[in-house]
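Right, one structure below, let's go through it.
Note that the structure is predicted; figures quoted are calculated from it, not measured.
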Amino acid sequence: MLQTLQALSETRAAIGPVVLIVMDGYGLSKTGAGSAIAAANKPTLDRLFAEYPHVQLRAHGRAVGMPSDDDMGNSEVGHNALGAGQVYAQGAALVANSIASGELWQGQAWQEIVAFAKAGTGRIHFMGLLSDGNVHSHIDHLKAMVLRAKQEGIRSVRVHALIDGRDVPETSALDYVLPFEALLAELSTDGFDARIASGGGRQTITMDRYDANWPMVERGWKTHVLGQGQQFASAAAAIEGLRAQHPGVIDQDLPEFVIAENGRPVGTIEDGDAMVLFNFRGDRALEITRAFEEGAGFDKFERQRCPKVAFAGMLQYDGDLKLPARFLVAPPAIKNTSGEWFSKMGISQFACSETQKFGHVTYFWNGNRSGKFEGETYLEVPSDVVPFEQRPWMKAAEIADAMIEALQSGRHKLLRCNFANGDMVGHTGNFRAATMAVEAVDLALGRLLKAVDAAGGVALITADHGNADEMFELDKKTGQPALNKDGSPKAKTAHTLNPVPLILYQNIPGLKLGLKQTPEAGLSNVAATTAHLLGYDKHPDWDESLLTLKG
């Protein structure tokens, strides 16, 4: 059991509820160049940084379980670290290690995929995000599997390529597609035939999350499975042609396409095929997984036909729902999360966000666990199904309303929420919309903090990773925004490598608390810091608290 923290035991009665606020996509830019945060009118946040204790937290690379410090963080691993209080090797590292050691090829799932394909059509399909963004997937994992399939005696491989432009530069698709198609052509010898069969932008087809937009998944099904869509001779030709048809379109918004010969799709998904979804991150993989794995009871859209395939995910995307049933690499077993341990202490918890980040403050926060712990209450605010740059305020006001009501109810000792604006709008590459997104969160934050004061509470304000802090690609030599040929700044739609803030907000008379900056401080330190605010010591597995007492 958690033990009482003697140094803070006298504060337990003094402190009301503790509120954790995640400003998604809010990084700390070193220079302010290209930063929508720096350009925004944000009086609440300006006051917080001027008047309240704050430190910087690492939110990328090894600090959140990624393979190297060159890897950006993301919302999934960020919320895992925030909720778990500890760092686990995450999807990218797990998969890379499994491939490097050969463990993946020896695993039952891969062997079943190969055996099913050999007994059936001789074909394996690989579907996923075609980039090296290392947030949802990595193209090197795909290359390794295609090469292994040939070595295993598979006759045919078809790739269903979701185009990124979100975790990588917004119009970088051909940087991946051209060399990859060349590699497939080079491998297609000795009776082996490997080709890209279909694709489309990740925000157009297939990769919806949290049941927000099932028509996206339906478009993906029609494209990948049924072979319905505009036809092109190659993926490179598709990207060039669609860009010509839709001037100014960025990669993530490219329409769907099908590769065909003589008017016939080269890679529909049929009975007897095997299928691997090579994304390792779960949130945008679950819905297409359901479309393949759920039987006659599936009711999200009319599939027209559901081919009898051997399906595998790169990881199991939901351990509680057991989806998918077959997966190539076991996910990290995250134990002793803060949600679990606070529940065991009898602490009532409240979690709230809008649909786009609801799973992050619940499922990911609790270590990839779907069910609630005892004493937890969840509230989801439905997100708008429109391009985020058109409504950059998103649901910040409604989330603040819900949090204020929960605070006023007096039923919860620990509350957490996520404001999705900085991340979701940051991904659009629209600078002005991103400044509005930051301003919307600032307004909501100001209202929420007044309710924290009224309840005699304390707030910890942080972020899961950066995004809106760099809306333009920065020139490595000058540090200033890189320019397009027309002289305009080159938009950046990916997360950043910048640290994020941790701000301690409290106005309780006589209570003198601070935060200590340590060289290794990261998102995983927030759980222990929260425990100390609640008057308890941290779990032994958690990273250290950053809270200090001032005499």
Side-chain angles (χ1 to χ4, degrees), residues 24-27 34 36 59-60 66 71-78 91-92 127-139 142 160-177 199-210 212-213 216-217 219-220 239 242-243 246 248-256 278-285 287-288 356-357 360 383 386-390 392 394 420-431 433-434 437 464-474 482 489-498:
D24 214 293
Y26 194 107
H60 77 285
M66 303 300 281
D71 295 315
M72 68 186 78
N74 61 66
S75 298
E76 177 185 17
V77 301
M127 180 187 299
L129 193 62
L130 193 76
S131 80
D132 58 2
N134 225 27
V135 173
H136 292 268
S137 68
H138 199 295
I139 194 171
L142 172 61
H160 303 273
L162 297 163
I163 308 303
D164 194 346
R166 188 177 179 95
D167 299 324
V168 295
E170 63 178 2
T171 54
S172 60
L174 292 176
D175 295 340
Y176 303 101
V177 168
R202 58 178 285 180
Q203 289 297 99
T204 303
I205 62 171
T206 311
M207 280 180 59
D208 180 46
R209 65 179 174 193
Y210 306 145
N213 189 358
M216 273 180 62
V217 188
R219 286 193 295 274
I239 291 164
L242 291 169
R243 285 176 175 172
H246 305 274
V249 68
I250 60 176
D251 291 345
Q252 63 181 340
D253 298 325
L254 282 167
E256 59 271 31
F278 65 87
N279 283 9
F280 49 72
R281 177 168 158 175
D283 56 346
R284 292 191 184 275
E287 290 174 45
I288 191 67
Q356 286 294 331
K357 298 293 181 176
H360 292 80
S383 291
V386 297
F388 297 111
E389 69 271 24
Q390 294 182 13
M394 298 181 67
N421 309 57
D423 188 39
M424 302 311 298
V425 181
H427 277 309
T428 69
N430 186 313
F431 188 90
D464 51 349
H465 56 74
N467 190 329
D469 43 302
E470 283 181 17
M471 293 297 296
F472 303 135
E473 297 285 348
L474 299 182
K490 189 171 184 179
K492 178 176 181 175
T493 54
H495 297 167
T496 73
L497 302 180
N498 290 328

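Distance check: Asp251 CG to Leu162 CG gives 12.0 Å after rounding to the nearest 0.5 Å. To the nearest 0.5 Å, the span separating CD on Gln203 from CZ on Arg284 amounts to 5.0 Å. Asn498 contributes atom CG, which lies 10.5 Å from atom CG of Asn467 (distance to the nearest 0.5 angstrom). How far CD1 of Ile250 is from CG of Asn430: 9.5 Å, rounded to the nearest 0.5 Å. For the atom pair CD1 of Ile163 and CD1 of Ile239, the computed distance is 4.5 Å after rounding to the nearest 0.5 Å.
With sequence neighbours excluded, the residues forming a ring pair (Phe, Tyr, Trp, His ring centres under 6.0 Å) with His160 are His125, His224, listed by chain and number.
Here the shortest heavy-atom pairing between Ala212 and Glu287 reads N-OE2, 4.2 Å. Smallest separation of non-hydrogen atoms from Arg209 and Asp283: NH1-OD2, 2.8 Å. Between Ser75 and Asp464, the shortest heavy-atom distance links the atoms OG-OD2, 3.0 Å. Across all their heavy atoms, Asp167 and His136 have their closest contact at OD2-CD2, 3.5 Å. When every heavy atom of Met471 is checked against every heavy atom of Ala36, the shortest pair comes out as CG-CB, 3.8 Å. The two residues Tyr176 and Asp132 have their closest heavy-atom pair at OH-OD1, 2.6 Å.
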Stepwise side chain to side chain contact (heavy atoms under 4.5 Å, CB included) check, Met424 with Asp24:
CA-CA 8 Å; Met424 302 311 298; Asp24 214 293; over 6 Å; no

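In this structure, the side chains of Leu242 and Val249 stay at 4.5 Å or more apart for every pair of heavy atoms. A 4.5 Å side-chain heavy-atom check between Phe280 and Asn134 finds at least one atom pair inside the cut-off.
Electrostatic pairing of Asp253 and Arg166 does not count as a salt bridge here, judged by no charged N lying under 4.0 Å from a carboxylate O.
Asp208 places a side-chain N or O within 3.5 Å of a backbone atom of Asn213 that can act as its donor or acceptor partner. Between the side chain of Arg219 and the backbone N or O of Thr204 there is at least one donor-acceptor pair closer than 3.5 Å.
Screening Glu170, Glu473, Glu470 for a side chain to side chain donor-acceptor pair (under 3.5 Å) with Lys492, the sole residue that qualifies is Glu470.
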